[in-house]
2 protein chains.
Amino acid sequence: MPPRHTVKPNASAAPLSSLADAATPRSPTVPLDEVDRQILVLLSQDSRRSQRALARELGMSAPAVGERIGRLERLGVIRGYGVRLDWSAAGFPMTVYLIITAVQGYQQSAIVEKIANIPELEELNIVTGAIDILARFRVRDHAHLRQLIMEHIWKIEGVHRTETSLSILDIEAENLVAGLLSTPAAGPE
Amino acid sequence: MPPRHTVKPNASAAPLSSLADAATPRSPTVPLDEVDRQILVLLSQDSRRSQRALARELGMSAPAVGERIGRLERLGVIRGYGVRLDWSAAGFPMTVYLIITAVQGYQQSAIVEKIANIPELEELNIVTGAIDILARFRVRDHAHLRQLIMEHIWKIEGVHRTETSLSILDIEAENLVAGLLSTPAAGPE
DNA sequence: CTTGAAATAATGAATGA
DNA sequence: TCATTCATTATTTCAAG
């Protein structure tokens, strides 16, 4: 038996059967105390730190940390553990946003579902305002981008307009967890 | 001594001193073979799986897996290990995009640096095209959003126009790693 | 939540293909 | 050069208080 906590298995690489499979959940708020928040901050910085190391930093015992983590997993605050990749080193240096406007009255979910199954997709949002869909992709080069747009996006029915925005600078705020959970009007107890 | 790999410490919660501190690197491409890719896929699904478990799934020994992972960390393909949070459960159910256009000729980096230090920031991109900056934030509610815009964004000089887009549906493509690294014209060997 | 013990895992050295 | 086995050290987990 594996020694570590087993979280519910993550989304597989298989095509989505429905949007709900991939959509970020809108779960009920879980009360978090200061220790919970600190654990989340530390894990967000390096989720492979041992519970012992966490325990040392937090001034408590390892089993106590283990129980906290288990609780956060059970309650769904922790959805899983991932890797921060350097996509550039992995051979996909380009980040591109496709800003999509749908044809009026068209089923957006059909469009979204098709985009959601494109392997190059990193994130997709249906948004309010002038545009309808904001999708971020990872591609290898211009040829890859062209292939993505021509062979995938343009073949989706109901897409009214597509604007392509290349990312010139990408900043991932790794202080989000620390910044939001710690200081300012933090989560309800 | 800690038994797990120690990756270079991640970005702290301290304010950024320069953009380079947070910007996604444009590193040289690292050759990845099939085993490397599989390890990355498995780790992206659950980075806390033990090396033994990985070894079992890959049909090799644990030390071999450990060396592979160490190499990927040293070469910078693996930048770190993080947590997938349910921000809704953590009390921040709203995702909002701010689409920002800068004043002509204004120093974009000054704007970016100010935005980068807002705790609610999740990700920021300077992009080509009609807009200049695309920034995604996490907020608790409408009041929090208003406070964010009025007290932070509006006080930044050089911002020409800001459009606020609420995310109605957010899909994180967890199959990105599997999809991109495995099947289609994968990374150079 | 803490302590202590048992099961399990990670690391490094020696070894062999 | 690369992967395996073995021994050591560290960690997770369970039980009891």
Side-chain angles (χ1 to χ4, degrees), chain A residues 1-10 30-84 89 181 187 189, chain B residues 1-10 29-84 181 186-189:
Chain A
M1 286 304 157
R4 297 217 127 90
H5 294 286
T6 50
V7 184
K8 45 193 160 203
N10 293 306
V30 172
L32 303 175
D33 67 9
E34 189 52 33
V35 176
D36 290 325
R37 282 193 283 270
Q38 286 183 317
I39 289 177
L40 291 177
V41 170
L42 292 172
L43 283 181
S44 77
Q45 290 167 358
D46 179 6
S47 63
R48 292 187 43 141
R49 267 232 263 333
S50 71
Q51 299 181 356
R52 271 188 144 220
L54 297 175
R56 278 190 292 267
E57 297 197 53
L58 297 173
M60 52 198 293
S61 71
V65 172
E67 277 188 21
R68 294 282 191 145
I69 294 178
R71 171 179 166 267
L72 292 171
E73 291 172 350
R74 277 194 310 279
L75 294 177
V77 178
I78 294 179
R79 283 170 38 221
Y81 302 92
V83 176
R84 273 190 296 275
L181 292 181
E189 288 286 327
Chain B
M1 287 303 155
R4 296 217 128 88
H5 294 286
T6 51
V7 185
K8 45 194 160 203
N10 294 307
T29 301
V30 171
L32 304 175
D33 67 9
E34 189 53 33
V35 176
D36 290 325
R37 283 193 282 269
Q38 286 184 314
I39 289 176
L40 291 177
V41 170
L42 291 173
L43 282 181
S44 76
Q45 291 167 359
D46 179 5
S47 63
R48 292 187 46 144
R49 266 228 271 319
S50 71
Q51 300 182 357
R52 289 192 151 190
L54 296 176
R56 277 191 292 267
E57 296 198 54
L58 297 172
M60 52 199 290
S61 72
V65 172
E67 277 188 23
R68 295 282 190 148
I69 293 178
R71 171 178 166 268
L72 292 171
E73 290 173 350
R74 277 195 311 280
L75 294 177
V77 178
I78 294 178
R79 283 170 40 220
Y81 303 93
V83 177
R84 273 190 297 276
L181 291 181
E189 290 283 330

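Chain A is the first sequence line, chain B the second, and so forth, proteins listed ahead of strands; every chain is numbered from 1.
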Give me the distances for all protein-to-nucleotides 1-5 of chain D N/O pairs that come in under 3.5 Å?
{"from": "dA3(D)", "atom 1": "OP1", "to": "Arg68(B)", "atom 2": "NH2", "distance (Å)": "3.1"}
{"from": "dT4(D)", "atom 1": "OP2", "to": "Ser61(B)", "atom 2": "N", "distance (Å)": "2.7"}
{"from": "dT4(D)", "atom 1": "OP2", "to": "Ser61(B)", "atom 2": "OG", "distance (Å)": "2.6"}

Partners meeting side chain to side chain donor-acceptor pair (under 3.5 Å) with Arg52(A) (sequence neighbours left out):
none

Starting at atom CZ of Arg52(A), determine the distance to atom C1' of dA7(C), rounded to an integer number of angstrom.
14 Å

Quick one: closest heavy-atom pair of Gly76(B) and Ala89(A), and the distance?
O-CB, 4.3 Å

Nearest heavy-atom pair of Arg71(A) and Val30(A): which atoms, and what distance?
NH2-CG1, 4.1 Å

Could you tell me the separation between the CD1 atom of Ile69(A) and the C1' atom of dC1(C), rounded to a whole number of Å?
15 Å

How many Å lie between CZ on Arg49(B) and C1' on dT12(D), as a whole number?
18 Å

Quickly work out the Leu54(B) CG to dT8(C) C1' distance and round it to whole Å.
15 Å

Minimum heavy-atom distance between Gly82(B) and Ser47(A), given as atom pair plus value
O-OG, 3.2 Å

Kindly give the heavy-atom pair with the smallest separation between Ala62(B) and Ala55(B), and that separation in Å.
N-CB, 3.5 Å

Value in whole Å for how far the P atom of dC1(C) lies from CG of Leu58(A)
11 Å

Separation of atom CD in Gln51(B) from atom P in dT8(C), rounded to whole Å:
18 Å

CD1 (Ile78(A)) and CZ (Arg68(A)) are apart, to the nearest 0.5 Å, by 12.0 Å

